[in-house]
Trainee: 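If you scroll down you'll find the structure; I have some questions about it.
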Amino acid sequence: MNIETFISEAVRQAAEALYGPLEGEELQIQKTRKEFEGDYTLVTFPLLRRSRKSPEATATEIGTYMTDNVPEIKSFNVIKGFLNLSLDGSFWAARFAEVAADASFGQAAPTGRTVMIEYSSPNTNKPLHLGHIRNNLLGYSVAQILAANGHNVIKANLVNDRGIHICKSMLAWKLYGNGETPASSGMKGDHLVGKYYVEFDKHYKAQIKELTAQGQSEEEAKKNAPIMLQAQEMLRKWEAKDPEVYSLWETMNGWVYEGFDVTYKALGVDFDKVYYESQTYLLGKSLVEEGLKKGVFYRRDDNSVWIDLTGDGLDEKLLLRGDGTSVYMTQDLGTAFRRFEDNKLDDMIYVVGNEQNYHFQVLKLVLKKLGYADWSDHITHLSYGMVELPEGKMKSREGTVVDADDLIADMVTTAREMSAELGKLEGCTAEEADAVSTMVGLGALKYFILKVDPKKTMLFDPRESIDFNGNTGPFIQYTHARIRSVLRKAAEAGIDMALPFATTEPAQPGNSARPERSATEDCQHAAETGQLLLPEEIDLIKTLSEYPAAVRSAGDNFAPSIIGAYVYELAKQFNGYYHDHSILKEENAEVRRLRLQLAAQVARVIRSGMELLGIEVPERM
RNA sequence: GGUUCCGUAGCUCAGUUGGAUAGAGCAACAGCCUUCUAAGCUGUGGGUCGAGCGUUCGAACCGCUCCGGAAUCACCA
């Protein structure tokens with residue numbers, strides 16, 4: 001049952017019985033704030049023009065009507081214009097039974113919509129860094145969240161494997177590499193190629209210096225540096241499919257992909273489709289022709305094609321070079337078009353940094369002007385903020401880039417040290433210690449990044465390692481591990497765990513493992529006899545039942561941070577409960593059973609929520 | 001200059017379509033392990049929600065104007 005719907009319908013009926021038909025926006029219902037008694041609150045101000053009474057009188061009138069007519073409403077109180085309604089314990093018991101019995105809790109029914117989400121999109125000339133980590137984690141998590149919202153999700157990666165930057169690495173390797181390979185150097189492929197990209201830049205700068213010393217202007221020197229001219233020559237050869245250049249390109253890209261695969265695997269992200277720009281960069285030209293025909297685009301004297309967007313507050317934008325070759329926009333128009341057609345997409349999401357906001361604004365506008373508004377409207381640029389260091393932006397030239405592989409390794413090492421220090425690794429095999437350190441280190445990193453609203457610029461200070469206490473991934477993982485530990489102990493002690501709502505199958509007659517009462521009856525009985533459902537337990541049930549709403553909201557807003565906040569709140573709340581109430585030592589078997597089940601459901605939802613963030617949770621830590 | 005975005009505690013961040021006395025974590029200080037894992041729990045201090053107008057019964061949230069910061073406005077991708 002959807003609780004919010006239930007409440008708002010009940011309130012609507014009460015209000016309409018008292019004041020006649022209402023408009024939609026006149027009913028404002030929200031969760032009651034912690035500091036007041038009650039579960040849900042009606043804000044009466046919008047109703048006053050109907051009731052023609054004071055806020056207090058209106059609230060009291062509706063509250064009285066509801067306690068008299070709605071069995072689930074136990075009591076109410078009025079504070080200023082706010083009507084706080086308290087639901088009966090058995091109501092929450094029934095909700096809990098529903099949650100426990102729902103094997104796919106948090107997973108929405110299929111919507112039939114197909115959504116493609118493109119993320120990662122690396123260049124093949126250097127290894128991944130912290131910025132890519134944010135991109136990958138966001139992309140993967142949003143994909144998980146959309147799947148949980150019932151969509152068919154296609155995870156796509158568009159690899160930028162061509163262009164002058166690739167040639168720079170290739171050329172530097174050819175000139176200075178002495179045949180070095182990942183195998184010969186023991187270096188990860190992407191790092192090796194990245195090394196030569198840096199090497200290129202070093203020589204390039206030296207040559208510029210030399211040329212300016214000879215009297216050339218800086219601009220001339222940049223153009224005339226021999227190494228740059230050679231790189232451009234190499235690009236031309238590549239485009240002409242020169243066998244030697246092409247083969248080198250394939251080899252070096254192969255190294256990079258091997259390296260990326262390792263990083264992706266470490267991050268726990270994957271893709272359903274990988275596109276290579278070398279195969280798509282010629283797309284989009286037919287769309288340009290179409291635009292010219294429709295008079296949306298125009299051709300300049302030098303034969304280049306443009307669109308004038310000044311009427312929309314933007315600028316004039318180039319769509320095709322004078323020599324007929326594509327630019328970024330041409331390609332993106334083409335790939336967008338092809339993807340919608342090939343995959344029958346309902347939505348297309350690009351996880352790309354906010355530095356490209358303008359590009360996507362233009363992309364959508366151009367598609368719209370071409371008459372593809374139905375697609376344009378279903379393109380979302382999931383624009384995320386940069387990750388900054390205390391001294392500002394990461395700059396590869398200044399060596400302030402935080403390398404993805406290094407960071408991951410550091411996090412795992414820190415996790416291991418911390419675990420050892422706390423004595424958590426005693427009695428563990430080496431494999432277990434590895435597995436837990438990896439889980440916790442990555443959990444800390446991922447949560448740290450995903451808990452921040454995607455669109456905000458975020459700060460990362462490499463000098464202070466990421467926290468493991470407080471609002472962190474390990475805190476949530478730890479809560480899960482503690483619950484699992486309790487459940488293990490219960491099983492070992494042979495405590496009755498065969499709870500009817502612990503399982504997905506309906507109770508079978510003759511299945512002796514199950515008690516005779518149903519879950520709901522069990523809870524209700526307990527609630528009636530006052531043995532179960534302490535206020536803290538009701539609070540936990542309330543929070544548990546909000547999980548689907550959190551999943552929905554995270555999906556609507558493409559915001560893993562909403563899941564993060566939810567799971568943290570749940571874990572925190574459970575920790576307080578755990579501290580105050582013993583589960584295994586509870587003597588009343590019925591109460592103990594419910595507490596075990598409550599703990600089990602909290603663990604389940606934590607696991608499920610963390611899965612949406614791409615974070616694993618350990619059985620012990 | 002145009003466009004887009006951001007500004008909340010010393011620091012890092014929440015704050016769901018406008019609601020009650022603005023919340024967490026870190027850092028600081030004070031407590032809690034003979035008791036299901038102390039990576040935990042409890043308490044204390046800490047705020048002109050960048051500023052000012054306006055809309056409203058009610059604004060951190062909506063509108064306008066400033067101030068401060070970021071990105072972008074390439075025949076790069």
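Below, chain A is the first sequence line, B the second, and so on; all start at residue 1.
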Trainee: Of the nucleotides B:U16, B:G40, B:C73, which has the atom closest to the A:Lys31 side chain?
Mentor: B:U16

Trainee: When you look for runs of 3 or more Watson-Crick or G-U pairs in a row, both distances below 3.5 Å, which of them include RNA chain B?
Mentor: B:1-7 with B:67-73, B:10-13 with B:23-26, B:28-32 with B:40-44, B:50-54 with B:62-66

Trainee: Taking atom CD of A:Glu316 as the centre, does the number of heavy atoms from other residues, nucleotides or ligands within less than 6.0 Å exceed 12?
Mentor: yes

Trainee: Categorize A:Ala599 for me: base, sugar-phosphate, or nothing, with a 4.0 angstrom heavy-atom threshold over every strand shown.
Mentor: nothing

Trainee: From the options B:A14, B:A38, B:U16, select the nucleotide whose nearest atom is closest to the side chain of A:Lys456.
Mentor: B:A14

Trainee: Quick one: the side chain of A:Asn575 and the base of B:A38, do they pair up donor-acceptor inside 3.5 Å?
Mentor: no

Trainee: Tell me what A:Asp453 touches on the nucleic acid: a base, only sugar-phosphate, or nothing, going by heavy atoms under 4.0 Å.
Mentor: sugar-phosphate

Trainee: With rounding to whole Å, what would you report as the distance between B:A30 and B:U37 at their C1' atoms?
Mentor: 25 Å

Trainee: Take atom CD in A:Gln356; do more than 12 heavy atoms of anything else shown fall under 6.0 Å from it?
Mentor: yes

Trainee: Restricting to non-hydrogen atoms, name the atom on A:Glu277 and the atom on A:Leu158 that form the minimum distance, rounded to 0.1 Å.
Mentor: N-CD1, 4.1 Å

Trainee: Side chain of A:Pro474: nearest nucleotide among B:G25, B:C73, B:A39?
Mentor: B:A39

Trainee: Report yes or no: is the ring centroid of A:Phe45 under 5.5 Å from the six-membered base ring centroid of B:G58, with the two planes under 30 degrees?
Mentor: no

Trainee: Tell me if the CD atom of A:Glu587 is crowded by more than 12 foreign heavy atoms within 6.0 Å.
Mentor: no

Trainee: Any base atoms under 4.0 Å from A:Asp161, or only sugar-phosphate, or nothing? Heavy atoms, all strands.
Mentor: nothing

Trainee: The side chain of A:Ser582 is closest to which nucleotide in this list: B:A39, B:C6, B:C36?
Mentor: B:C36

Trainee: Does the side-chain ring of A:Tyr358 sit on the six-membered ring of the B:A71 base, less than 5.5 Å centre to centre and under 30° in tilt?
Mentor: no

Trainee: Starting at the 5' end of RNA chain B and moving along, which residue's nearest nucleotide shows up first, A:Met621 or A:Gly576?
Mentor: A:Met621

Trainee: Would you say B:G40 has OP1 or OP2 under 4.0 Å from some side-chain N or O of A:Asn469?
Mentor: yes

Trainee: Select one nucleotide: of B:A20, B:C36, B:A14, the one nearest the side-chain heavy atoms of A:Thr41.
Mentor: B:A20

Trainee: Could you state the atom-to-atom distance from CD of A:Gln356 to P of B:U72 in whole Å?
Mentor: 10 Å

Trainee: Taking the six-membered ring of A:Trp306 as reference, does the NZ or CZ atom of A:Arg300 fall below 6.0 Å from its centre and within a 45° cone about the axis?
Mentor: yes

Trainee: As a test of reading the structure: which of B:A39, B:U4, B:A77 is closest to the side chain of A:Gln361, going by heavy atoms?
Mentor: B:U4

Trainee: Which whole number of Å gives the distance between the C1' atom of B:G2 and that of B:G46?
Mentor: 42 Å

Trainee: Across the strands shown, which category fits A:His581 at heavy-atom distances under 4.0 angstrom: base, sugar-phosphate, nothing?
Mentor: base

Trainee: Report yes if at least one side-chain N or O of A:Lys80 is closer than 4.0 Å to OP1 or OP2 of B:U21; otherwise report no.
Mentor: yes

Trainee: Within the pair A:Arg482 and B:A39, is there a side-chain N or O less than 4.0 Å away from OP1 or OP2?
Mentor: no

Trainee: Side chain of A:Val327, heavy atoms from C-beta onward: which of B:A20, B:A77, B:C73 has the nearest atom to it?
Mentor: B:A77

Trainee: Just checking A:Arg620: base, sugar-phosphate only, or nothing, at a heavy-atom cut-off of under 4.0 Å?
Mentor: base

Trainee: Scan A:Ser419 against the nucleic acid and name what it touches under 4.0 Å (heavy atoms): base, sugar-phosphate only, or nothing.
Mentor: base

Trainee: When rounded to the nearest Å, what value does the distance between P atoms of B:U42 and B:C5 take?
Mentor: 39 Å

Trainee: Taking only side-chain nitrogens and oxygens of A:Ser485, does any of them come within less than 4.0 Å of OP1 or OP2 of B:C36?
Mentor: no

Trainee: Using the C1' atom as the point on both nucleotides, what is the distance between B:C36 and B:G31, in whole Å?
Mentor: 23 Å

Trainee: Since syn is defined as within 90° of 0, does B:C33 count as syn or as anti?
Mentor: syn

Trainee: Cationic tip of A:Arg552 within the cone over A:Tyr547's six-membered ring, i.e. under 6.0 Å and within 45° of the normal?
Mentor: no

Trainee: Test the A:Arg134-A:Tyr384 pair against the cation-pi criterion, namely NZ or CZ under 6.0 angstrom from the six-membered ring centroid and within 45° of the ring axis.
Mentor: no

Trainee: Is there, by distance only and without an angle test, a donor paired with an acceptor across the side chain of A:Thr479 and the base of B:A39 below 3.5 Å?
Mentor: no

Trainee: Using a cut-off of strictly less than 4.0 Å, decide whether A:Arg321 has a side-chain nitrogen or oxygen near OP1 or OP2 of B:C76.
Mentor: yes

Trainee: In terms of side-chain heavy atoms of A:Lys585, which of B:A39, B:U35, B:A14 is nearest?
Mentor: B:U35

Trainee: Please work out if A:Lys317 contacts a base, only the sugar-phosphate, or nothing of the nucleic acid, heavy-atom cut-off 4.0 Å.
Mentor: nothing

Trainee: With a cut-off of less than 4.0 Å, is there a side-chain N or O of A:Lys572 near OP1 or OP2 of B:G25?
Mentor: yes

Trainee: Nearest to the A:Tyr578 side chain among B:C36, B:A71, B:U4, which nucleotide is it?
Mentor: B:C36

Trainee: Measure across A:Gly194 and A:Pro127 and return the closest heavy-atom pair with its distance rounded to 0.1 Å.
Mentor: CA-CD, 3.9 Å

Trainee: Okay, side chain of A:Ser326, backbone of A:Tyr281: is any donor-acceptor separation there less than 3.5 Å?
Mentor: yes

Trainee: Please answer whether B:A24 and A:Tyr568 are stacked, defined here as ring centres separated by less than 5.5 Å and planes angled under 30°.
Mentor: no

Trainee: When all nucleic acid strands are considered with a 4.0 Å heavy-atom cut-off, which category describes A:Gly322: base, sugar-phosphate, or nothing?
Mentor: base

Trainee: Can you figure out which of B:A20, B:C36, B:A39 approaches the side chain of A:Phe36 most closely?
Mentor: B:A20

Trainee: Is the distance from the ring center of A:Tyr328 to that of A:His359 below 6.0 Å?
Mentor: yes

Trainee: Take atom P in B:A70 and the same atom in B:U8, then report the distance between them in whole Å.
Mentor: 15 Å

Trainee: Could you check A:Asp323 against A:Asn354 and say which one's nearest nucleotide on RNA chain B is further toward the 5' end?
Mentor: A:Asn354

